[in-house]
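These notes are about the structure you will find just below.
Quick note on labels: first sequence line is chain A, next is B, and so on, each numbered from 1.
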Protein chains: 2
Amino acid sequence: MIGFSILAKTKRILKWQRDPEGMRLRILEAAKQEFAAHGIAGARVDRIAAKAGANKRMLYYHVGKKDELYLAVLEGAYEKIRVEERSLDLEHLDPPKAIARLIDFTWNYFIRNPEFLALLNTENMARARYLKRSTKVKSMHSPFVEMISTVVKRGVESGDFVVNVDPIQLYISIAALCFFYLSNSATLSVIFGRDLLSEDARDERLEHMIALVLAALTGKSMAVFGKQKAPKLRVAAHSGVG
Amino acid sequence: MIGFSILAKTKRILKWQRDPEGMRLRILEAAKQEFAAHGIAGARVDRIAAKAGANKRMLYYHVGKKDELYLAVLEGAYEKIRVEERSLDLEHLDPPKAIARLIDFTWNYFIRNPEFLALLNTENMARARYLKRSTKVKSMHSPFVEMISTVVKRGVESGDFVVNVDPIQLYISIAALCFFYLSNSATLSVIFGRDLLSEDARDERLEHMIALVLAALTGKSMAVFGKQKAPKLRVAAHSGVG
DNA sequence: ACAGTATTTATCCAACGGGTTAATTAATAC
DNA sequence: GTATTAATTAACCCGTTGGATAAATACTGT
């Protein structure tokens, strides 16, 4: 690496330095951006190299060919979200708050990691061909299903929840509400003729989703939902805003 | 066109016939399949030609270059769903039934037209670059927002609905619940280790979605939702099953 | 200081893929 | 029947792109 665009005469200074781990990380990061932005077929190996400040040969040396690069990126993406998911503690919250927090986390994670959405879409267009091949990802179970399961159980027992929903269905539904809105915001914004990613629009959406799910679970709906803008009920957004 | 793989000696029979309109349709259909399966960058012009039983030159003659081919496909896809949407009559149904029917339609349309989902994903990966360019699509408004608006109004007046939800948010949420499940079924199936597209799984999902939304709107949730399999409540599936 | 290895650079190339050009043939009009 | 136009075929062009090969340079241990 080391992009000395300024020519330094001294041989000593011109010389590049070694940094295998750093290089590998930069390559994977660049690849993530590239695959997320262009999909597998649209991704360009040369662009990845350029973005990583590396020579193209480095990709093959440190990771592998295009396929393998993509798989590494995909696995990294799953790894990352699983780690963050595990850090979410819903046990000590009362059931409605726990669900709200779950939605809030999912929403903000997606907002903070738009490449993750793109990668999932790409992988689904490939009919999960790479995911199937990856024992690594298959072994990384999301803790959310289990978390939801216990929260729902507690909610039913305490009388907070009036229904006994299948945790997997609920998990998918929450992901769906967040994912679709963000993943399809480009086309939806055109169709509706307004910016769905503005701060206000996003706040409104989060409110709507929480109200919708909680209303369904508790039976007690807050009179009007999704329309007005109440004071932000930021339910413990996660650390970084990256 | 006319793929005589069998060699017919007679000159008369060997000769190709003209069929501009048919050719154009076959090209667009082939292109739809190709773009849906591989995205824009992954699509191969030669494959489209082959699938259409045409010469590559025909694509350029009848439609245009790759870009234009894609845009034509996208516009066709929107046109098609808008037409079907308009054929849906929710006016004479009582509000809960109307919402259920709306969900049912959306769900089944997506199942019958998987390419539509793929095209939308592709277009969103392109940040709606083509949609923005298309005055055609932008002029084709979905009647659903208006329909939902009146249904919700009626529901609130009749007392069926206890909340006054923003119709656009509800529209997006319903689309989200259906879209995400189907669009991401490949990866979700791997993650959960079971086939989410089996007949049973699909029925279960439809039930869950309807129960979820209606519970939120009416405040009256059916005791257990999403878990058991009640007798199919097929709410007037649309004609073809694609 | 030097040998050996790990990392990085500098070129190269064969296949692919989108798009074009020119020739051929069917329908249509006269 | 013949000229004209519309549709279709066949062949080619050329920039792009993934991947490979070989050479150079920085570290490491001795």
Side-chain angles (χ1 to χ4, degrees), chain A residues 1-5 7-28 30-31 34-35 37-73 126 130, chain B residues 1-5 7-28 30-31 34-35 37-73 126 130:
Chain A
M1 62 109 11
I2 305 287
F4 289 117
S5 35
L7 54 153
K9 297 284 160 72
T10 334
K11 218 179 178 186
R12 213 96 290 269
I13 298 184
L14 261 177
K15 287 184 177 173
W16 44 268
Q17 296 174 20
R18 289 179 164 193
D19 180 16
E21 304 85 12
M23 176 64 91
R24 187 186 152 85
L25 288 181
R26 286 201 312 281
I27 288 172
L28 287 177
E34 181 71 11
F35 283 117
H38 305 286
I40 300 176
R44 291 292 165 261
V45 175
D46 296 276
R47 271 201 303 249
I48 294 175
K51 237 176 290 188
N55 185 288
K56 187 165 51 159
R57 179 69 177 79
M58 291 292 87
L59 312 188
Y60 296 90
Y61 183 76
H62 287 287
V63 186
K65 57 173 150 185
K66 204 182 181 188
D67 277 19
E68 302 165 320
L69 210 40
Y70 169 74
L71 184 56
V73 165
Y130 298 89
Chain B
M1 66 95 29
I2 304 287
F4 290 116
S5 34
L7 54 151
K9 298 284 160 74
T10 333
K11 215 179 180 186
R12 213 93 293 268
I13 296 184
L14 261 177
K15 287 185 177 172
W16 46 268
Q17 295 174 21
R18 290 179 163 194
D19 181 15
E21 304 85 11
M23 176 64 91
R24 188 186 152 84
L25 288 181
R26 286 201 312 281
I27 288 172
L28 288 177
E34 181 71 10
F35 283 117
H38 305 285
I40 299 177
R44 292 291 165 260
V45 175
D46 297 275
R47 272 202 301 250
I48 295 175
K51 237 176 289 189
N55 186 289
K56 186 166 51 160
R57 180 70 180 75
M58 291 291 88
L59 311 188
Y60 297 88
Y61 183 76
H62 287 288
V63 186
K65 57 174 151 188
K66 203 182 180 186
D67 277 17
E68 302 165 321
L69 211 40
Y70 169 74
L71 184 56
V73 165
Y130 298 88

| query | Should A:H62 be listed as having a side-chain N or O under 4.0 Å from OP1 or OP2 of C:dT8? | reply | yes

| remark: Here the distance between atom P of C:dA15 and atom NZ of A:K65, to the nearest Å, is 16 Å

| query | Atom CZ of A:R26 and atom P of C:dT7: how far apart are they, to the nearest Å? | reply | 14 Å

| task | Sequence neighbours left out, what passes salt bridge (charged side-chain N to carboxylate O under 4.0 Å, His left out) with A:K65? Give chain and number order. | result | none

| task | Please tell me which of B:P20 and A:D46 maps to the more 5' nucleotide of DNA chain D, matching each residue to the nucleotide holding its nearest heavy atom. | result | B:P20

| Length of the CD-C1' vector between A:E68 and D:dG18, whole Å | 13 Å

| request: Using a heavy-atom cut-off of under 4.0 Å over every strand shown, decide if B:A43 touches base, sugar-phosphate, or nothing. | output: sugar-phosphate

| request: Name the residue closer to the 5' end of DNA chain D, choosing between B:E21 and A:R44 according to the nucleotide with the nearest heavy atom. | output: B:E21

| Please give, in whole Å, the distance from D:dA22 P to A:Y61 OH? | 17 Å

| request: Report the nucleotide, chosen from C:dT8, D:dG19, D:dA7, that has the shortest atom-to-atom distance to any side-chain atom of A:M23. | output: C:dT8

| Nearest-neighbour nucleotide for the A:N55 side chain, C:dT9, D:dT8, D:dA10 considered | C:dT9

| said: Using whole Å, what does the distance between atom P of nucleotide C:dG18 and atom OH of B:Y70 come to? | reply: 16 Å

| remark: Heavy-atom nearest pair, B:A49 first then B:N55, reads CB-C, 4.0 Å

| query | How many angstroms lie between atom CZ of B:F35 and atom CG of B:L28, to the nearest 0.5 angstrom? | reply | 10.0 Å

| Interatomic distance, A:M58 CE vs D:dT25 P [rounded to whole Å] | 15 Å

| field | Protein-nucleotide distance (A:E34, atom CD; D:dT17, atom P), rounded to Å | value | 10 Å

| message | Quick check: any donor-acceptor pair below 3.5 Å linking the side-chain of B:R57 to the base of C:dT20? | response | no

| request: Ignoring the backbone of A:Y60, work out which of D:dT9, C:dG18, D:dA20 is nearest its side chain. | output: D:dA20

| query | With no angle test and no hydrogens, is the base of C:dG18 tied to the side chain of B:K56 by a donor-acceptor pair under 3.5 Å? | reply | yes

| field | Rounded interatomic separation in angstrom, taking CG from B:D19 and C1' from D:dA7 | value | 11 Å

| remark: The reported gap from NE2 in B:H62 to CZ in B:R57 (rounded to nearest 0.5 angstrom) is 9.5 Å

| query | Could you state the interatomic distance from CG (B:L59) to CG (B:L69), rounded to the nearest 0.5 Å? | reply | 6.0 Å

